[in-house]
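Let me begin by presenting the structure, written as structure tokens, before commenting on it.
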Amino acid sequence: MRLGLICGNLTPPVDGKPALLTHREAETIFHEFGHLLHHLLTRVEVRSLAGTNVPWEWVELPSQIMENWCWEREALDTFARHYQTGAPLPEDLFQKMKRAKTFRAANTQMRQLGFGFVDLSLHREWNGKDDVLEYSRKILQQFSVSQLPDDYAMIASFTHLFASPVAYGAGYYSYKWAEVLDADAFTRFKKEGVFSAAVGADYRDKILARGDSEDPAELYRHFMGRDPDPNALLERFGLV
Ligand SMILES: [Zn+2]
């Protein structure tokens, strides 16, 4: 038997009203629920390879993909309703939310790419002698539209790389790569139906149930029938 639990720090119910969660909180619940499904639906018998015991960039696919359902009208209408009138989310508000999501998306994208790139460069190419601040600044400059100050030292506070309780060294890219995978994998649901039982079952059998029993790249190909395509992520943020 497998047990799973989500612990969330969310808006509580107050003054006799139900808990009125923000959209971001709903997204978080969907995200964590994805981890839970990955954990619970595993069919792998070797514990160290089962459920969420998978590589970094693979552990966030099942969670991040769930967030997509918070951005689909068909899905939102099943739960995102006014707590007194039961009215669905107004269309103009929904459109505003979508516009806010893509606001300065290119900047955010470049920032994350810079972080992932500097992390990999430090681990793979830095010679161990050159000044780390200057070395990192030069790399990050390539991902910034404005001129970085001469004393720019973001790397010194980039604790993910050296002081995080989970070791991210050379693994920061996994955030972005997991986004590439989740945006792309979701296109199958978009094409075949966001509530398609057939795609859902296929996704469960080929990805959720398989843990780390096979190379994630292979698992991905089993589900999608091809390699990942980064275009879906660019499209999501209105960048193509
Ligand atoms: Zn997660």
Side-chain angles (χ1 to χ4, degrees), residues 6 8-15 17-38 57 60-116 143-146 174-200 202-203 207 220 223-224 226 228-240:
I6 303 178
N9 194 1
L10 306 162
T11 304
V14 282
D15 292 339
K17 290 179 194 162
L20 300 173
L21 304 184
T22 65
H23 184 257
R24 185 68 201 114
E25 287 176 326
E27 267 189 323
T28 302
I29 293 173
F30 274 65
H31 178 109
E32 302 307 333
F33 190 68
H35 285 308
L36 204 58
L37 289 177
H38 201 188
E57 66 267 65
E60 293 301 328
L61 167 66
S63 52
Q64 285 178 191
I65 199 171
M66 294 298 292
E67 295 178 30
N68 288 283
W69 276 271
C70 294
W71 291 96
E72 293 297 320
R73 188 85 237 191
E74 206 182 331
L76 279 171
D77 285 351
T78 65
F79 69 91
R81 295 184 165 273
H82 192 281
Y83 82 104
Q84 287 164 318
T85 66
L89 189 70
E91 184 58 23
D92 62 329
L93 179 58
F94 181 49
Q95 292 306 326
K96 264 192 224 168
M97 286 163 59
K98 291 213 282 193
R99 286 200 298 277
K101 186 184 177 184
T102 55
F103 179 65
R104 296 197 65 193
N107 265 68
T108 315
Q109 186 93 259
M110 289 302 277
R111 190 176 137 90
Q112 285 298 98
L113 289 174
F115 289 170
F143 295 87
S144 170
V145 282
S146 53
S174 59
Y175 284 109
K176 190 48 76 186
W177 188 241
E179 277 184 61
V180 168
L181 297 180
D182 98 69
D184 189 41
F186 190 67
T187 59
R188 236 198 102 181
F189 285 96
K190 274 288 251 191
K191 274 188 208 120
E192 297 172 50
V194 291
F195 287 129
S196 159
V199 185
D202 207 36
Y203 173 64
I207 293 185
Y220 192 86
F223 178 65
M224 291 299 281
R226 57 164 174 76
D229 177 355
N231 265 310
L233 181 63
L234 297 175
E235 271 166 35
R236 171 191 286 175
F237 289 109
L239 300 174
V240 282

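Remember, it's a predicted structure, so these values are computed and weren't measured experimentally.
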Heavy-atom closest contact ([X] atom, [Y] atom, distance):
X: Arg236; Y: Ala183; result: NH2-CA, 3.3 Å
X: Pro13; Y: Ala19; result: CB-N, 3.6 Å
X: Tyr220; Y: Ala185; result: OH-N, 3.3 Å
X: Ala26; Y: Phe79; result: CB-CE1, 4.5 Å
X: Val180; Y: Pro230; result: CG1-CA, 3.9 Å

Aromatic ring pairing Phe189/Phe223, orientation class (parallel under 30°, perpendicular over 60°, tilted between)
tilted
What do the steps show when you test Met110 against Asn107 for side chain to side chain contact (heavy atoms under 4.5 Å, CB included), and what is the final call?
CA-CA 5 Å; Met110 289 302 277; Asn107 265 68; 5.9 Å; no
Salt-bridge criterion met for Lys96 and Asp92 (N-O under 4.0 Å):
no
Atom CZ of residue position Phe103 - does it have more than 12 heavy atoms of other residues, nucleotides or ligands inside 6.0 Å?
no
Around atom CZ of Arg104, are there more than 12 heavy atoms from other residues, nucleotides or ligands closer than 6.0 Å?
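No, the 6.0 Å shell around CZ holds no more than 12 heavy atoms from other groups.
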Check: [Y] main-chain N/O paired with [X] side-chain donor or acceptor under 3.5 Å:
X: Thr28; Y: Arg24; value: yes
X: Asp229; Y: Asn231; value: yes
X: Asp184; Y: Ala232; value: no
X: Glu25; Y: Thr11; value: yes
X: Trp69; Y: Val194; value: yes

Do the side chains of [Y] and [X] get nearer than 4.5 Å, heavy atoms only?
X: Arg111; Y: Thr108; result: no
X: Lys101; Y: Trp71; result: yes
X: Leu10; Y: Ile29; result: yes
X: His23; Y: Leu89; result: no
X: Leu36; Y: Met66; result: no
X: Met224; Y: Leu181; result: no
X: Asn68; Y: Lys190; result: no
X: Phe94; Y: Glu91; result: yes

What verdict does the side chain to side chain contact (heavy atoms under 4.5 Å, CB included) test give for Phe143 and Phe115, after you've listed the backbone C-alpha separation in whole Å, the side-chain angles of each residue and the deciding distance to 0.1 Å?
CA-CA 9 Å; Phe143 295 87; Phe115 289 170; over 6 Å; no
Nearest 0.5 Å please: distance from the [atom1] atom of [X] over to the [atom2] atom of [Y].
X: Glu60; Y: Ser63; atom1: CD; atom2: OG; result: 3.5 Å
X: Thr187; Y: Glu192; atom1: OG1; atom2: CD; result: 9.0 Å
X: Glu179; Y: Leu234; atom1: CD; atom2: CG; result: 10.5 Å
X: Leu239; Y: Thr102; atom1: CG; atom2: OG1; result: 8.5 Å
X: Glu27; Y: Glu67; atom1: CD; atom2: CD; result: 5.0 Å
X: His38; Y: Leu61; atom1: NE2; atom2: CG; result: 8.0 Å

For Lys176, run the side chain to side chain donor-acceptor pair (under 3.5 Å) check against Gln109, Glu57, Gln112 and tell me which one passes.
Gln109
Identify whether NZ of Lys or CZ of Arg in Arg188 sits under 6.0 Å from the centre of the six-membered ring of Tyr203 and within 45° of that ring's axis.
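So Arg188 doesn't make the cation-pi contact.
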